[in-house]
Amino acid sequence: QVQLVESGGGLVQAGGSLRLSCAASGRTFASYAIGWWRDAPGRGREFVASMTWSDDNTYYADSVKGRFTISRDNAKKTVYLQMDTLKPEDTAVYYCAAQYVTGGVYYTDDSAAYDYWGQGTQVTVSS
């Protein structure tokens with residue numbers, strides 16, 4: 001069992017920045033990859049970024065490449081999503097999710113493959 005708690009959402013003007021945090025707990029959390037996803041009205045659930053706890057490979061949706069950065073602090077059991085140059089279309093509820101990694105492989109942008117989800121945090125970007 002893995003528990004995930006997001007924080008850091010809020011209201012920001014276009015061009016601004018926010019940093020989201022995803023705090024993980026549970027005995028086996030290190031065996032899971034962490035992905036950031038977002039839900040916006042009319043757009044459905046969208047993959048944002050992902051990484052594991054054990055290597056530096058990171059993956060991003062094309063829509064956020066160059067603006068968002070995923071990182072982790074293993075000692076704090078926390079994954080971050082630094083969001084820069086925010087746009088109104090980034091407005092969404094952001095979730096972190098955990099997927100069990102098998103043989104170093106996980107499905108980065110398949111929401112059905114993620115096993116645990118946080119409660120979400122709202123990000124609103126005003127124009």
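Both backbone and side-chain heavy atoms feed into the values below; hydrogens, waters and symmetry mates do not. Quick note: residue numbers are just sequence positions, from 1.
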Any heavy-atom pair between the side chains of Y114 and F47 that's under 4.5 Å?
yes
Disulfide bond (SG atoms under 2.5 Å apart) contacts touching residues 25-121 (sequence neighbours left out):
C22-C96
By side chain to side chain contact (heavy atoms under 4.5 Å, CB included) - contacts of A30 (at least two apart)
none
Same cluster (ILVMFWY, side-chain, under 4.5 Å), V48 and V5
no
Contacts satisfying disulfide bond (SG atoms under 2.5 Å apart) that involve residues 98-127 (not counting sequence neighbours) are none
With sequence neighbours excluded, residues passing salt bridge (charged side-chain N to carboxylate O under 4.0 Å, His left out) with R43
E46
By side chain to side chain contact (heavy atoms under 4.5 Å, CB included), Q13 pairs with (sequence neighbours left out) S126
side-chain hydrogen bond (donor to acceptor under 3.5 Å, both in side chains) filter on S25, not counting sequence neighbours, yields Q3
For residues 62-95, which residue pairs pass the disulfide bond (SG atoms under 2.5 Å apart) check, not counting sequence neighbours?
none
For residues 99-127, pull every pair meeting salt bridge (Lys or Arg N to Asp or Glu O under 4.0 Å), keeping only residues two or more places apart or in separate chains.
none
Sequence neighbours excluded - ring-ring contact (aromatic ring centres under 6.0 Å, His included) pairs with any residue from residues 62-98
none
With sequence neighbours excluded, what pairs up with W36 under the ring pair (Phe, Tyr, Trp, His ring centres under 6.0 Å) test?
none
Enumerate the salt bridge (Lys or Arg N to Asp or Glu O under 4.0 Å) contacts for residues 81-91, please, sequence neighbours excluded, ordered by first and then second residue.
R38-D90, R67-D90
Side chains of residues 49-62: which donor-acceptor pairs under 3.5 Å do they make with residues two or more places apart or in other chains?
residue: S50; atom: OG; partner: Y106; partner atom: OH; Å: 2.9
residue: T52; atom: OG1; partner: S54; partner atom: N; Å: 3.3
residue: T52; atom: OG1; partner: D55; partner atom: N; Å: 3.3
residue: T52; atom: OG1; partner: D55; partner atom: OD1; Å: 3.2
residue: W53; atom: NE1; partner: F29; partner atom: O; Å: 3.3
residue: W53; atom: NE1; partner: Y32; partner atom: O; Å: 3.1
residue: D55; atom: OD1; partner: N57; partner atom: N; Å: 3.0
residue: Y60; atom: OH; partner: I70; partner atom: N; Å: 2.9
residue: D62; atom: OD1; partner: K65; partner atom: NZ; Å: 3.2

